[in-house]
Peer 1: 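Got a structure for you, written out below as C-alpha cells; questions coming shortly.
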Amino acid sequence: MELFGVSLPAILSQLLLGLVNGSFYAILSLGLAVIFGLLNVINFAHGALFMTGAVVTWMGLHYLGINYWAMLLLAPLVVGLLGIVLERLFLRWIYKLDHIYGLLLTLGLALLIEGGFRSAYGVSGLSYQTPALLQGGFNLGFMFMPKYRAWVVLASLLVCLFTWFMIEKTRLGAYLRAGTENPRLVEAFGINVPLMITLTYGFGVALAAFAGVLAAPIYQVSPLMGQNLIITVFAVVVIGGMGSIMGSIVTGLLLGVIEGLTRVFYPEASSTVVFVIMAIVLLIRPAGLFGKEQ
Amino acid sequence: MVKTVGTSALRICQLQGWYGESHVLHGVDLEVRRGEVVTLLGRNGAGRTSILRAIMGLIGRREGSIQIDGTETIGLPTHRIARLGVGYCPEERGIFASLSAEENLLLPPALKSAGAVSGAGTSAGMSVAEIYQMFPNLAERRHSPGTRLSGGEQQMLAVARILRTGANLLLLDEISEGLAPVIVQALARMIATLREKGYTVVMVEQNFRFAAPLADRFYVIEHGRVVEHFAAAELEAKMPVLGELLGV
Amino acid sequence: MGDVILATQNLTKQFKGFTAVSDVNLQVQRGHIHALIGPNGAGKTTCFNLLTKFLVPTEGSIHFNGIDITGERPAQIARRGVIRSFQISAVFPHMSVRENVRVALQRQLGTQYHFWKSERSLDRLNQRALDLLAEVGLQDWAEEVTVNLPYGRKRALEIATTLAMEPELMLLDEPTQGMGHEDVDRVTQLIKAVAKGRTILMVEHNMKVVSTIADRISVLQRGAVLAEGSYADVSRNPQVMEAYMGTTEGQLQGAH
Amino acid sequence: MNQKLATIGYAALLLALLAAPFLGAYPIFMMKLFCFALFACAFNLLFGYTGLLSFGHAAFLGGAGYVTGHALKVWGVPPEMGLLLGTAFGALLGLVMGYLAIKRQGIYFTMITLALAQMLYFVWLQAPFTGGEDGLQGVPRGRLLGLLDLRSDLTMYYVTLAIVVLAFLLIVRIVHSPFGHVLRSIKENEPRAISLGYDTNRFKLLVFVLSAALAGLAGALKTLVLGFATLSDGHWSMSGHVVLMTLVGGVGTMSGPLMGSLVIVAIENKVGEWGNWLAQLSGIGWFRSLGESVTIVTGLIFVVCVLLFRRGVMGELIALLQRLRILR
Amino acid sequence: QDKVVIGFVTDMSSLYSDVDGRGGVLAAQMAIEDFGGKVLDKPVELLTADHQNKADIAAAKAREWIDTQGAALILGGTNSGTALATSTVANEKKVLYINNGAGTSALTNEQCAPLTVHYAYDTVALARGTGKAILDAGGDTWFFLTADYAFGHALENDTAATVKANGGKVLGSVRHPLNASDFSSFLLQAQSSKAKILGMANAGGDTINTIKAASEFGITSTMKLAGLLLFLSDIHSMGLQTTQGLQFTDSWYWDLNDESRAWAQRFYEKTKRMPTSVQAANYSAVYNWLQAVQEAGTTDGAKVRELLGSKPLKDFYASGQIRPDGRYEHDMYLVEVKQPGESSRDWDYLKVVQALKGSDVFTTRQESKCALWK
Ligand SMILES: Nc1ncnc2c1ncn2[C@@H]1O[C@H](COP(=O)(O)OP(=O)(O)OP(=O)(O)O)[C@@H](O)[C@H]1O
Ligand SMILES: Nc1ncnc2c1ncn2[C@@H]1O[C@H](COP(=O)(O)OP(=O)(O)OP(=O)(O)O)[C@@H](O)[C@H]1O
Ligand SMILES: [Mg+2]
Ligand SMILES: [Mg+2]
C-alpha cells in the first residue's frame, strides 16, 4: 500500500508520532487559554515555565533522588507555586492595562528565567533518563513505538480532559468563565476573585510544567527548549481561536498530526506548515477554527 | 443574632471616593435602616452609581466609614463585603456572554446573609421557579448565551440574579432602565413585595415616577455629596426643591 | 403620502431556530421621525442591526431610496447616508470635541488616505465643525478634551458627529437611555431640531419622548409588527396596551 | 511653548549629529544607531500611533536586508536602487503580512505577526540566497547615483543621516496628516470610526505597509552600511528588541524611539564593560558575568519598564515638563 | 601604545557558549599568563565581549577595539556569520584575525583574506574525517539527517562526496528544520533506508535531540550514528548512556597524550570542566601569536602573519602549518564515545579511533577557491 509514494505503515507511524507532539501542543495551548481567559494575559513565559518543569524534574532526581513518578506531581506543584509568586509579584499590577503589557511583561519574565537557567547550567543542557517502567517499546508491526511516547499521549489526554471537565462542567468553572469576562462583578457576588486569579495562573503554569515533565526524558532538558516551541503554540492558539477549552485541545492534537504528516511528504516545510495553516485559517475563518466571532 | 427592624443596615459616614486621580465622592453621609427602601436621586454624573460602587468596594479608592450591619467594611475586599449579605445589580447589567441565561442566573453563590431578619425568615432567596414566573421572557430564553438576550431581558436577568442569592441588602442601579412600561410596572410590584418581606433596598433611579411610590426615604445627591434627604411623607412638600435640583 | 426613503420587505432574522425578527415590512417616510417601540426582546435592536448590516438578514430585502442595499457592507451603507448612533456613548475620548466632529467631516474631503498631506489641510473643516457643534449647543466646549464632558453632552456630541456625516436617514437606538430629565428634554429637542430635512428612525422606551416627537410609530412584538400609526392611534390599540404599555393611560405616562 | 522646546531640541540634535564625526564619534556605530532609530520609529508609527503591536517587524528588517544585500552583491545594482528594492520588499511583505494579521485584533494581531515572522525566519534560514548562518557577506557599498563614493565612512555617514532624517520627517508628517487623524480615531474607538464610514481595515493595512516599508528601509540601510546581512536581524528576538526600544524611549512619542534605540544599542554593546566597571567599583565579582547575561539584562528592562516606567524616558520627561508648566 | 591588546569576541551567552564562551576566555588568559603576561616588554591585555551571535555586534566590537584600544589581534569564536563579518573588518584595518570555532570553510576559501587565520577546524575537515574513517571501518551505506540550511547542506555535501569518492553509497537524506525539537519522524525515515550509517549533518541541540531520539527508538541497534559536528561538551551533557558508540571528528581531545592531559588538568582545576577542542585551540593560538610577535619584534598584522605561516607550529594542541589561505592545517581525530563501563573517571568520554592527517581532510590546493593560494 502506498500513498503518494509513501508506504502506509510509514504514514501510520508518522500519525502516531504526530499525536505525541500534538499532545504537547494541546497541553501548552490549553494552559495559555486558561490563563488568557481569566488574566487577559498571553503568557509569553509559558515556554520558559515548560522548560522550568523539565529542569525541576531533573533537579529532583539529581539533587534529591526523587523519581520521575513523584516529580510528575511535584514539578507542576513547584512550578505552579513559582507561578503564584510571579503572579503576586508582577502580573498583579498590570491587569488594568492593555493586553500587550501582559505579553511584554511575561516576555521579560521568560528572558529572565531562561537567562537564569542558562547561566546556571549552560546551553547544551541536561539529560534525563526514561523511567525504568517505561523503557522499551511496543512493536506495532509497522513501527516501534516507545512505551514512553504512548504514555505521553495518554497522560496528556487525561489531563486535558480533566481540565476541560473542570472548566466547562463544574460550578468552579462557571466562576472562572464569568471571571474571565467581568472579574469585578464576580467579586461583587462574593467570590474571592484575586485568589481565583492567582490560583488560575498557578494552574495554567502547572499545566506547562506538567508538559515539561513529560518532555524531560524525550528531549534534552535545555534552557532553550521552550523558546521555539512557544511561538508554534501561539500559532496553534490563533488557529484554534482560543474560544473554547475543547478547541485548544483538539487543535493542538490536530496540528501535531498535520505536522507529522508533513515530515513525511515534505520535510523541508515541517517547521513552517503550522504557520501556513494559520495563514489559510485566517483567510477563511478569521476567528479561528473554534473561535467565536467578536 | 437577631436584629430588629429599625436598626441600621447600612451606615455611611464621610465617604470619599476616587477613580484614579479624579475625586468623585466628597464626604457622603447616609443611613439605611433595616427593612427600608431608600432611593438615591440626582442628575447624571452626580455620583449615585459611585456610591453603590463604593459600598461594594468597586471604585479605585475610598475613605471614610461604611458599616454594614454594624461591620466596618471600608478595609474589606469586595468579596468579603458581598458575603455580608449584599446583592449588587450594576448599572451596566453585567451579563456574562460565556454563560447561558440560566447559568448567569445560578452564578452568584447563595449568601449566608448575616442579618437574617425577622420577617424575612432566613431570607433564602427566591427560587428559580418563582423568578421564571415573574419574568417569563427569561424562562423562554434560558438556554441562550447571556448576552444574546435583548437589552431589556438582560436587565431582568441582572435583577433576578441577585434575588436568588438571599442577599438582604440590595443595591439596585437603574433597574427600570430600558424596560418596557409593562415590565417596569412588574418591577415596581416586585420591590413592594421585597419590602414586605423585610429586604433592605437602596435604589438609584433616574425614573422618578417609578421610584417615588416605592421608597420610604429619599436622598438627593449632587457633586458627590448628599444635598437633601427626606421621608416619603415629605415628598409633596419637597417637590419644588426637587424640581430645582433635578428638573423633575 | 410622501415618498418612502426606507422600505423593508419580509425582513426576517433567525438565530439558531429562534426568530427574532419575522416578516417585517417597514415603510419609513422621508422627513418623518419614525419610532420603533415594543416590549423587551421584540426585535427592535435586531432590526437596526439588520438595517445597518451589522447582522445579515436570513430573508427579505432592504431598499433605501429605491436601491436594494441588502447585500452591502456596513461601511457602504454608512456612505449612502444611513447612519446609526450607538446605545452606548461612542466618542473619541482623547480628542478634542472639535476634532471628534472633524474626523467625521474629513471623509468628504476624500483625503483620508493622504498620509503626505499636512494636517493643516483639515483646517478648512473647522468652521463647519463649529457650526455643527453650535447646532447641538456645544459651541462653548469645542476645545475641551472629550473625556471631560458630562454624559448628556457626550450624547449631544455623538449626534453632532452623526450629523457631520450628512445622513439622510439617522437610526437612533434609545437615544435618551440613562439620561436625567433635563438631558432627556434637551436631547428630545435636539432630535426634533436636527430632524429638519432628514429622516429619523428611533427605538425608544420613553413614551414621553415618543409622544412628543414621533410622526409615526411601529410597534413590534415577538419580531413582528403589531400595530402602526400615529401615537394617538397606537396608544389606544388594546393589543399594544396589553403587550407593551400596561393597562392605563396614567401609567403609560408614568414610564418616565 | 512645548512645541518650541521640541523644535529647539531637534535642531540641537541635528547639529550635534552633523558635527559628530568630527567630535570623535564612531561613524559606523552611529550609522548602526541611525538604522535602529529608524527601525524603532517605523515600529512606533504602528504601535504608538495606531495601537497595533506588531511582533514581527524583524521580518521587514531582516528580509529587506537580504534583498538589498543580494541586489547589491549579486545583481550589482547601484546603492540607491538597492535601498529602493529593500524598501519595496518591506512594503510588499507588509502588505501580505498586514493583510493576514489585521483580520484579528488586539493580542491576536500580535501573535499572528509573531508567527508569520517566525515562518519567514525559517525561509531566510533555508533559502539558498541568504547564506544560512554564514549570512550574506561582503556587500559592496558602491557609488550613490554614480557620484558619491560610499566607501568612505564619512560620506556614508552623511548619506545615512540624510536618509534617516528624511524618513523621520515623513513619519512626523504621516502622524500629522489627514490620514494620521483617522488613525488616531481608530486607536481611540474603532467601532465608532467604522460607523463614520471609514473602512478601518484599509487604514490599518496602509499604515502597516508604511511601517513595514520604513522598517525595510532601515534594514536595507543597515546592510549597505555594515556590508552584510545575517540571520539575527530576522529572528523574533529582534522584534522583541524593537518593542523594547520603543517602550524604553516612550511609546507614542516622536522622540521616544530615538532615545530608546540609543539606550538599547548602548546596553547591547556595553553591558559587558559596565559589568566589569561595576565589578571593579564594588568589588563584587558577579557583575563581571553581566556581559554574559544580555538576556537577563534585557528581561529585567522589560519587566521594569512594564511595571514602573510605562511612559518611557521621553514620556516621563514630557510629563515632567507638563507638570512643571502647571506648577508655574 | 604601552600595552598589547588582544580582543576576543565570542558567544558567551547563547547557543555556543558551552563550546567556547567563558572557558575560551580563560584559556586565552592562561596563554597570556604562561607567556609571562608581557610581550615586547609591554603588558598584554585581553578584552572580551559577547557577540550574542549577531554579526553586527561582533564586527562593531572588533572595529572599536582596533580603533580605540589599538588591538593587535582579534580572536573570534563560534558562529560563522560573526566570523566572516569580523574577518572583513579586521582585514580592512590590517589587523590579524584568528578564528576558533566557526565551522564555515568559506573563511579560508571563497572569502579568504590575507590576515585571517582559521585555526581549529572547519566543516570540510569534519565531514571528510568522519566520512573517510567510517567508510574505512566498513560503514559503506549512508543516510543523512541534515539541518535545512547552508551549514547543514555543506556538511552533507562534503561528507557525501567523500563517501562516494571512496566507494560508499548514499541511500538518501532527509532535511529537517533548525531547532526541530522532535526527530523521531525523521529517524524512522532514516531507519527504513536500511543504511548502516546515519550521518548527522546538524549541530548543537539538534544533534543532541537526534541522538536521544535514536536511542529511544532503538535506531542505534540497527544503525551507527556519525556526528559531523559534535563537541566534548555535548557528550558531557547527554551522558555516556545515550551517546555510547557514537563516532565523530574533532581537532583535539584532552586525553590524547601527556602534554594535553597536563594542560587540560590545569584548565580543569580552574573551571571544573575539561576543555573542549575550541578552548584548547584558543590557548594555542594566543600562545603562538605571542611567540611570533616576540620573534618579529612587532605586532604589525602582516608581519606577524607572515612569520606565523613561515614555519611549522607545534604544541600540545596540534602540530602543523598555517597555509597561505589562512587555514592551520593539522591533524584531526576520529573519536568514539566510550561505553559507560569503559569510562574510568569523570570526563573520560572518548577514545581516539584514528588520527587523520591534516592534508587528507582539509580543502586541498586544487580545490581551493582562495586567490591567495594559487
Ligand atoms: N470609571 C470611572 N473613571 C473615572 N471617572 C468616573 C468613572 N465612573 C464615573 N466617573 C465619574 O464620576 C462621577 C460620578 O459618576 P456616577 O456614575 O457615580 O454618576 P451617576 O450619578 O450614577 O450618574 P449616571 O446617571 O450617569 O449613572 C461622574 O463625573 C463620572 O464622570
Ligand atoms: N445574536 C443573537 N443570538 C440569539 N438570539 C438573539 C441574538 N440577538 C438577539 N437575540 C434575541 O432576539 C430577541 C430580540 O432581541 P432585540 O435585541 O432585537 O430586542 P429589542 O427589541 O431591542 O429589546 P430591548 O427593548 O429589550 O432592547 C431577543 O429575545 C434576544 O434574546
Ligand atoms: Mg449611574
Ligand atoms: Mg434593544
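Residue numbers start from 1 in every chain, and the chains themselves are labelled A, B, ... in the order their sequence lines are given, proteins ahead of strands.
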Peer 1: Counting only heavy atoms closer than 4.5 Å, note whether A/Val273 contacts chain D via side chain, backbone, both or neither.
Peer 2: neither
Peer 1: How long is the straight-line distance from CD1 of D/Ile296 back to CG of A/Leu111, given to the nearest 0.5 Å?
Peer 2: 9.5 Å
Peer 1: As an exercise, state the distance from CG of A/Leu103 to CG of D/Leu53, rounded to the nearest 0.5 Å.
Peer 2: 6.5 Å
Peer 1: Are the side chain of D/Tyr108 and the backbone N or O of A/Val237 linked by a donor-acceptor pair below 3.5 Å?
Peer 2: no
Peer 1: To the nearest 0.5 angstrom, please state how far the CZ atom of D/Phe122 sits from the OG1 atom of A/Thr272.
Peer 2: 8.0 Å
Peer 1: What's the shortest heavy-atom distance between A/Gly288 and D/Arg104, and which atoms?
Peer 2: N-NH1, 4.0 Å
Peer 1: Under a 4.5 Å heavy-atom cut-off, does chain D meet the side chain of A/Leu97, its backbone, both or neither?
Peer 2: side chain
Peer 1: So which part of D/Leu100 gets closer than 4.5 Å to some heavy atom of chain A, the side chain, the backbone, both or neither?
Peer 2: both
Peer 1: Start with the C-alpha distance between A/Val274 and D/Met119, add both sets of side-chain angles, then the distance that settles side chain to side chain contact (heavy atoms under 4.5 Å, CB included), and finish with yes or no.
Peer 2: CA-CA 9 Å; A/Val274 173; D/Met119 175 171 118; over 6 Å; no
Peer 1: When rounded to the nearest 0.5 angstrom, what distance separates CG in A/Asp98 from CZ in D/Arg310?
Peer 2: 11.0 Å
Peer 1: How many angstroms lie between CG in D/Leu116 and CG in A/Leu282, if you round to the nearest 0.5 Å?
Peer 2: 7.5 Å
Peer 1: Would you call the rings of D/Phe55 and A/Phe44 parallel, tilted or perpendicular, taking 30° and 60° as the class edges?
Peer 2: tilted
Peer 1: For the OG1 atom of D/Thr295 and the CD atom of A/Glu114, what is their distance to the nearest 0.5 Å?
Peer 2: 8.0 Å
Peer 1: What's the verdict on side chain to side chain contact (heavy atoms under 4.5 Å, CB included) for D/Leu247 and A/Tyr101, showing C-alpha distance, side-chain angles and the deciding distance?
Peer 2: CA-CA 10 Å; D/Leu247 197 65; A/Tyr101 288 105; 4.0 Å; yes
Peer 1: Is it the backbone or the side chain of D/Val303 that comes under 4.5 Å from a heavy atom of chain A, or both, or neither?
Peer 2: both
Peer 1: Is it the case that more than 12 heavy atoms not belonging to D/Phe129 sit under 6.0 Å from its CZ atom?
Peer 2: yes
Peer 1: Could you give me the CA-CA distance, side-chain angles and deciding distance for A/Leu283 and D/Tyr99, then say whether side chain to side chain contact (heavy atoms under 4.5 Å, CB included) is met?
Peer 2: CA-CA 9 Å; A/Leu283 285 175; D/Tyr99 178 76; 3.5 Å; yes
Peer 1: Please classify the contact between D/Leu244 and chain A as side chain, backbone, both or neither, with a heavy-atom cut-off of under 4.5 Å.
Peer 2: neither
